[in-house]
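Lettering follows sequence order; numbering is per chain, from 1.
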Amino acid sequence: MSGTSTEAATSTEMDKRFDPQSYEQAWQRRWAEKGYFKAEAPSDKPSYCIPIPPPNVTGKLHVGHALQSTLQDLLTRWRRMQGYNALWLPGTDHAGIATQLMVERHLVTEGTSRQQMGREKFLARMWEWKEQYHGNIREQLDLLGASCDWTRERFTLDAGLSRAVREAFVRLYEEGLITRGEYMVNWSPVLGTAVSDLEVETKTVQGKLYHIAYPVEGSDERIVIATTRPETMLGDTAVALHPEDERYLHLHGKAAILPIVGRRLPFVPDAMVDREFGTGLVKITPFHDPNDFEMGRRHKLPGISVIGPDGRMTAEAGEDFAGLDRFEARDKVVQRLKDEGYLVKVEEHTHNVGHSQRSGEPIEPLVSTQWFCEMRGMADLALEAVRDGRMQLMPESWDKTWEHWLTNIKPWCISRQLWWGHQIPAWYTEDGRCIVARSFKEAAAQAGTEQLTQDPDVLDTWFSSALWPFSTLGWPDDTEDLRTFYPTSVMVTGFDILFFWVARMAMTALHFTGEVPFYKVHLTGLVRDAEGVKMSKTKGNVMDPTDLVGEFGADALRFTLASLDSPGRDIPLNRNQIAGYRAFGNKIWNATRFALSRVGEDARVRETIDAAGLAAPERWILSRLSRVAAEVSEQLEIFRFDEACNRLYHFFWGDFCDWYIELSKPALFGDAPRPQVGDVVLTVLDRALRLLHPVMPFLTEELWQRLAGHEVIHPETICLAPYPRREEGWDDPAVEAGMDALIQVVTRVRALRAEMGLSPKAKLDLHFQADDDAVARLLEEQAPLIRFLTRVETVTRGAAPEGARRDLVAGVEIGVAVEKQEMSDEERGRLVKELEKLDGDVARAEERLSNPDFLGKAPAHVVEGGRAKLAEMKERQAALRSSLGLS
RNA sequence: AGGCCCGUAGCUCAGUUGGUUAGAGCGCUACGUUGACAUCGUAGAGGUCAGCGGUUCGAAUCCGCUCGGGCCUACCA
């Protein structure tokens, strides 16, 4: 590590190019050893806590994680420097389905399966995996510079969290909110488990609509029924029609005969039937369609399960079909209908079909005994919390979506037919009683016997995730951590898991703790590739954060991600941009290198500096610094990471490097000494690095350690140094105005030189006049600097001589006199064009300023500004006309 | 079907409660090895703010409609 913070560490040791690899991980290790990121409980400081959205324990971080981690770390570091007792609480999720699938796929390559292994052995294997991959997440977060408190790391299946899960389950059960029952669920035949509504993805598919004739009992009449799923007819138990449908009034009280099977299907009138669709008659399959299930309940119809959990037809489907895959059965049923003359017609039909989000196949709605959690009451709490502002969604455009989803919430199917997860704390006695308890011991006591069998199902992963903000802090116990950090401050996560996770955390938190889980939710967009296309393995456009860190350094990646996080927008990540911010890192590096080589031996970082005795350039940069410090925190307060980064970028590169360093050169080189220049350079660098530290932690620490006198700010590390704030004593609007004029004059002179086609070395003289005397005096005072920056021979206050090229910027009239030279046609043309445009602007401004409506209704300052502007435009008009030799 | 978001320079995006000549980065053009940085410097070109209508003294900004793109929710068998 080069950051040894010794006096000897000077620019002579600094490479011309910065090399993030050479110091990033060294600092990460040092910070960890020193324990800088360990939060206190209890603490006298105000608390700030961000619970990490726990990544999959066996997973790999993708750029979306990198984005969210960057923002969380940025906030945590910023608050820590501001003096908060900041805790970024890390952890991982067992991710039931995903992880189990991963291991099961691996087992296939070994020629075995979880069924062959049995539950106990399989789980042992899962834990081995977990142990093997567990370190990956931390490694990758370390690469990014994450300042997590690893002493508080949690895992959703660890003892503490498992206890919280059982406690929550038992309480909800005792409150009657968790129940077990036989309902229609979304079944994934591939996964072999029920899934929640959220895990079903609706896809529009091109299917077929089959029209089937059903004979009417006791007559020759045949009615026609349309269906997209003919195989389910084997489980039909009724035919529904609209009660007022005049076409079918004669069918009331009668029954149809189910083709192939011969079952008698009573006609049931139900207003839910759409008379316009198909024939207005609907087959009812209570056990294989959610609507039919409801209708079956209303009309007390029996149900028949003809499709089993494996997606194959059951014995009840009849011996011709039993054992067939559901889609094979469809073909066979259609063939039979055709053969037997029941198939009327087949139409192409586009419709929406639910697919399993995780495994891709069409979801099979079927009836199954599962555990459900009633969410209505908890949803109302979550609605209320956002409505009254206790919990704030950002951007707040999500409020409506929040309202809509929570208003229409349905019971949550929380049981999964998996093994990897929290096994449901319910036990069954031999005589079939169900005991829900916190432990086997408690269950046995309640049951009066130890002959108990635990429910084999596990809970939906999101059930444990829902408790994350408080379970990680020790709930249900009343712990010091919980008292110190709960409710937590911010949740940073993707909008894609707003309902899966954020809403459920809000609901359980309000229910169990009576408090919101966090005060603010910052929802990020989706990271996309440079073309705006969603990254996916199949498209091959995935960018791996680890590779990006290797190529550009963590700081560049962090800065890029943070600066792209604009509210409500996706993030198009593009390598050029990361390279651009790596260049920014190089700029910071070289600016520091230059400063250290020139400030002189006595220069030191100062806690503060009295601006009174300083020259204008120093007063200017301190004033700018003060303003930027205020703005950056303002932007971070409202989660405008993009704006905060922009301010930092432009301050450092624009104000500090492009102008201040240039302005300080004559002083630093001893050509025109100014008071305390070296101290100012170091002090500005110190604060600028501190301002940048939350975004670029490594580079800033590496450089800050080299600044002579940095110890007065903090003895050990920039991580714990105070975050710079506005410094009232440095605010100097007058000097900012004057220096702004100077900058514009310099820029304009350079432009004129280029426009006039003069070589950079051509000799010329500058004259200037300004209405504002303070500005004029500053320009006069700083004439040597103007000469240095524009390479003019002389700078004179006063009117420009005849024939000078004239212009006006920032209220300063300038004239550039050059030895007699013909104006080129090109230059003349450009000037004429410029003048024409100005003439138009003047005309428009005059018109507006003579409009009584405008004068009467617009606020005074707008009118005032318009007049000043017009006056200036006219002056410039005159200057340009003079340049052209027009009177 | 309902809801939400987006459409601004070649590209990716900022633009606060309506108020000067609409900004940035990258890219592009010209010039430049002046004692930090070619991962650089100086200057420049480039936009009828998707379209139409309305409100207003004044609209990229507010309202309505149209077109285009994306996302979420939904039981049309």
Inset, instruction - May I ask which nucleotide in the shown strands pairs with B:C76, Watson-Crick or G-U wobble, both distances under 3.5 Å? - result: none

Legend entry - Under 4.0 angstrom between A:Arg753 side-chain N/O and B:C31 OP1 or OP2: no

Inset, instruction - Tell me whether the OP1 or OP2 atom of B:A36 has a side-chain N or O from A:Ser597 closer than 4.0 Å. - result: no

Legend entry - Any A:Leu281 side-chain heavy atom under 4.5 Å of A:Val273 side chain: no

Legend entry - Donor-acceptor pair under 3.5 Å, A:Lys857 side chain vs B:U56 base: no

Inset, instruction - Would you mind classifying the nucleic acid contact of A:Glu643 as base, sugar-phosphate or nothing, using non-hydrogen atoms under 4.0 angstrom? - result: sugar-phosphate

Legend entry - Phosphate OP1/OP2 of B:C4 contacted by A:Lys400 side-chain N/O (<4.0 Å): yes

Inset, instruction - Please determine if a side-chain N or O atom of A:His650 lies less than 4.0 Å away from the OP1 or OP2 oxygen of B:G23. - result: no

Legend entry - Under 3.5 Å donor-acceptor pair, A:Lys16 side-chain atoms to B:C37 base atoms: no

Legend entry - P-based separation of B:A60 from B:G19 [nearest Å]: 9 Å

Inset, instruction - Grab the CG-C1' distance between A:Asp642 and B:C26 for me, whole Å please. - result: 17 Å

Inset, instruction - For A:Arg229 and for A:Pro567, locate the closest nucleotide of RNA chain B by heavy-atom distance; then report the residue assigned to the nucleotide nearer the 5' terminus. - result: A:Pro567

Inset, instruction - Answer with yes or no whether A:Arg17 presents, from its side chain, a donor or acceptor under 3.5 Å of a partner atom in the base of B:U39. - result: yes

Inset, instruction - Please determine, for B:A22, whether a Watson-Crick or G-U wobble partner exists with both distances under 3.5 Å, and give it or none. - result: none

Inset, instruction - May I ask you to check whether over 12 heavy atoms, not counting those of A:Glu847, lie within 6.0 Å of atom CD? - result: no

Legend entry - Base-pairing assignment for B:G35 (Watson-Crick or G-U wobble, both under 3.5 Å): none

Legend entry - Sugar-phosphate only, base, or nothing, as touched by A:Ala858 at under 4.0 Å among non-hydrogen atoms: base

Inset, instruction - In whole angstrom, give me the gap between the C1' atoms of B:G7 and B:G47. - result: 14 Å

Legend entry - Row check, A:Phe854 ring normal vs A:Arg848 NZ/CZ: under 6.0 Å, within 45°: yes

Legend entry - Ring-base stacking, A:Phe669 with B:G35 (5.5 Å, 30° cut-offs): yes

Inset, instruction - Using the C1' atom as the reference point in each nucleotide, state the distance between B:C5 and B:C52 in Å, no decimals. - result: 22 Å

